[in-house]
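Down below is the structure, laid out as structure tokens.
This one's a predicted model, so the numbers in the text were calculated from it and none came from an experiment. Numbers for residues simply follow the sequence, beginning at 1.
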Amino acid sequence: MSLYNTQTLKIYNSLSGEKVTFVPINEGSIGMYVCGPTVYSNVHLGNLRTFMSFDVIFRYFIHLGYKVRYVRNITDVGHIVDDVDEGEDKIAKKARLEQLEPMEVVQRYTVDFHEILKAFNFLPPSIEPTATGHIIEQIEIIKKIIDSGIGYEANGSVYFDVVKFNKTNHYGKLSGRNIEDMLTNTRDLDGQSDKRNPQDFALWKKAEPQHIMRWPSPWSDGFPGWHLECTAMSTKYLGNHFDIHGGGMDLKFPHHECEIAQNEACTGQTPVNYWMHANMLTLNGKKMAKSTGNNILPGEILSGKNTILSKAFPASVARFFMLQAHYRSILDFSDDAIVAAEKGYKRLMEAVDSLNQINISPNSSLDIASWKQLCYDAMNDDFNTPILIAQLFEGVRFINLLKENKETINAADLEILATTMHSFVYDVLGLENQKSADSSNDKLEGTINMLIDMRNKARADKDFAMSDHIRDQLLALGIQLKDSKEGTSFSI
């Protein structure tokens, strides 16, 4: 029997605004779509946190025994600067500024995205489609929306008529907005726009002569609207009706709201049962922004090359830090916070490593079965990783008591304790034990320092041939020695 048959999972559904029991459309299988990055710059820490939240959700579904089709897209066209319908595509703008082909920009930052996610131990999605790879599907959806009477063409562009759609449907139900209020709070059209209403959004944009990225369509040479790509790719790979759609809180409106409207206009049915949104990340209590310098990239955490943190931190420490907050909560990143998280991470890993030091007794004085279910209860409560981590530290307390022979455990319970700790620490939370890497670094540094001491003795004995031999051999291995008044240092 699969674990999902024994566990009742509740998910906070942004559509209803409450936690509800999760029931997949097809028993044992889950279709999940998550909005991926717009690849015009390095992935930032807030994006990483969102993708990490859904990585853990994906991992927990797999742990429970579900077959999951996880689709996460790459936005490589159509995302206009400032998320509006007029202006320049983000990727095209970057290409123009750096004098590159747009696909060079896309390739550079897609590679960066994948490298960062690999460093942070993300599982790859089942399918990772691109917007440019699905232009045909997007054009076909536009045709259907036009046929439904909701889409209209104007001067080579195609728009979605929000007011007309709202007469039979509810535009704003995900974000809790009212169309009348939106229209009241929007400036009147200036007469130069092709839109019928201020709230209408683009399905297809006619490309201006200087616009680099363009494709032929029945309406013009142009490019699809940003919202359309996710409708095309989610329905192609998951069907017109699927289980979960996720993304950052900032995508709820207008992006996800527009997705719902497009789907309903095209298929006549609501596309998704459960909408999930991850909250934002702040830095030192303020919004992260490159313009103010209050910003740090994930790679800079790993390298230590930044002005925010006191040192470099392993990816698993940063991952552990982020998972100490619930995915729907705002999380503030700071040096003090990640330093504290590193101490907790090391305690957790040391305890897991010492499980083999526990003595087996005929009887158990600890209720391991109840503790195990509390770990599941935490994740079953809308993937509550901070509560899970608290339970794992209760497991750490058990391990320390058992090592000190203050409690007893039988073989069967020890197996449950070890399996549960390993499953949640490594498989569900996706943490890695950095101890081995740290230990290897310590050993390497110790070996190099020993060779430096030998070289210093050779120099003192005027054995310059040996001194030079040690220096040259280290250099051949990529280790450079540097002599100064303070002594000899090395760099790799």
Side-chain angles (χ1 to χ4, degrees), residues 42-43 45 48 108 111-112 114-122 296-322 333-357 396 399-400 403 421-422 425-426 429-492:
N42 299 103
V43 60
L45 201 59
L48 184 74
R108 174 188 296 177
V111 169
D112 169 75
H114 288 148
E115 287 178 347
I116 289 297
L117 265 57
K118 184 177 180 181
F120 280 83
N121 198 32
F122 281 55
I296 187 170
L297 295 173
E300 293 172 339
I301 297 173
L302 309 185
S303 68
K305 295 178 180 177
N306 62 81
T307 58
I308 305 292
L309 302 179
S310 56
K311 63 171 187 171
F313 291 90
S316 268
V317 170
R319 186 178 177 107
F320 177 74
F321 163 74
M322 290 191 194
F333 186 83
S334 68
D335 186 61
D336 288 344
I338 196 169
V339 166
E342 184 176 42
K343 294 175 182 177
Y345 165 82
K346 287 181 177 179
R347 278 182 55 217
L348 181 61
M349 290 303 168
E350 287 168 3
V352 174
D353 282 346
S354 66
L355 278 162
N356 59 0
Q357 300 173 19
V396 170
I399 291 167
N400 291 334
K403 282 163 55 182
M421 290 293 289
H422 279 88
V425 170
Y426 298 128
L429 295 181
L431 301 176
E432 293 180 296
N433 196 334
Q434 304 285 156
K435 182 180 178 182
S436 56
D438 292 342
S439 176
S440 297
N441 289 337
D442 291 343
K443 290 175 182 177
L444 175 62
E445 186 173 345
T447 302
I448 295 171
N449 284 328
M450 180 183 70
L451 290 168
I452 289 173
D453 289 342
M454 291 172 63
R455 177 172 174 264
N456 288 339
K457 186 176 186 305
R459 293 169 75 187
D461 294 341
K462 300 190 183 302
D463 187 353
F464 298 114
M466 176 58 71
S467 169
D468 292 345
H469 178 69
I470 293 172
R471 180 198 63 202
D472 293 343
Q473 287 294 100
L474 285 172
L475 186 60
L477 294 170
I479 301 165
Q480 185 174 30
L481 300 184
K482 183 178 181 181
D483 297 314
S484 67
K485 294 179 181 179
E486 289 76 24
T488 302
S489 60
F490 69 90
S491 60
I492 299 175

Hey, could you give me the [atom1]/[atom2] distance between [X] and [Y], rounded to the nearest 0.5 Å?
X	Y	atom1	atom2	answer
K343	F320	NZ	CZ	13.0 Å
I479	L475	CD1	CG	9.5 Å
L309	N306	CG	CG	4.5 Å
L481	I452	CG	CD1	5.0 Å
I308	I338	CD1	CD1	12.0 Å
M421	L348	CE	CG	5.0 Å

**Request:** Start with the C-alpha gap between N433 and V352, add the side-chain angles, then the distance that decides, and say whether side chain to side chain contact (heavy atoms under 4.5 Å, CB included) holds.
**Result:** CA-CA 9 Å; N433 196 334; V352 174; 5.9 Å; no
**Asked** Do Q434 and E432 pass the side chain to side chain contact (heavy atoms under 4.5 Å, CB included) test, and can you show the C-alpha distance, the side-chain angles, and the key distance before you say yes or no?
**Response** CA-CA 6 Å; Q434 304 285 156; E432 293 180 296; 4.2 Å; yes
**Request:** For side chain to side chain contact (heavy atoms under 4.5 Å, CB included), just list the numbers for L45 and I301, CA-CA rounded to whole Å, side-chain angles, deciding distance to a tenth of an Å, and then say yes or no.
**Result:** CA-CA 10 Å; L45 201 59; I301 297 173; 3.6 Å; yes
Side-chain ion pair, [X] and [Y], N-O less than 4.0 Å:
X	Y	value
R108	D112	no
E342	K311	yes
D483	R455	yes

**Message:** With a 3.5 Å distance limit and no angle check, can you tell me whether E300 reaches the backbone of L297 through a side-chain donor-acceptor pair?
**Reply:**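 A pair under 3.5 Å: yes.
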**Item:** Donor-acceptor under 3.5 Å (S354 side chain, Q357 main chain)
**Value:**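 Side chain of S354 to backbone of Q357: no pair is present.
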**Message:** Run the ring-ring contact (aromatic ring centres under 6.0 Å, His included) test against H422 and tell me which residues pass, sequence neighbours left out.
**Reply:**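 If we apply the ring-ring contact (aromatic ring centres under 6.0 Å, His included) test to H422, skipping adjacent residues, the hits are Y426.
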**Message:** Could you work out, with ring-ring contact (aromatic ring centres under 6.0 Å, His included) as the rule, every residue matching F333, not counting sequence neighbours?
**Reply:**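 ring-ring contact (aromatic ring centres under 6.0 Å, His included) check on F333 returns F321.
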**Message:** Between M349 and L431, is there a side-chain heavy-atom distance shorter than 4.5 Å?
**Reply:**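 Contact flag for L431/M349 side chains = yes.
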**Asked** Quick one: does I470's side chain get under 4.5 Å of M454's, heavy atoms only?
**Response**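 Side-chain contact under 4.5 Å: yes.
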**Message:** Within 45 degrees of the ring normal and closer than 6.0 Å to the centroid, is that where the cationic atom of R319 sits relative to F122?
**Reply:**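 Here R319 passes the 6.0 Å and 45° test against F122.
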**Item:** For the student: nearest non-hydrogen atoms of P314 and L302, plus distance
**Value:**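 Where P314 meets L302 most closely, the heavy atoms are C-CD2, 4.0 Å.
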**Request:** Taking all non-hydrogen atoms of both residues into account, name the closest pair between A119 and A315 and its distance.
**Result:**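 That would be O-CB, 3.2 Å.
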**Message:** I'd like to know whether V339 forms a side chain to side chain contact (heavy atoms under 4.5 Å, CB included) with S310, so could you lay out the CA-CA distance, the side-chain angles of the two residues, the decisive distance to 0.1 Å, and finally the verdict.
**Reply:** CA-CA 9 Å; V339 166; S310 56; 4.3 Å; yes
**Item:** Step-by-step salt bridge (charged side-chain N to carboxylate O under 4.0 Å, His left out) determination, D463 to R459
**Value:** CA-CA 6 Å; D463 187 353; R459 293 169 75 187; over 6 Å; no
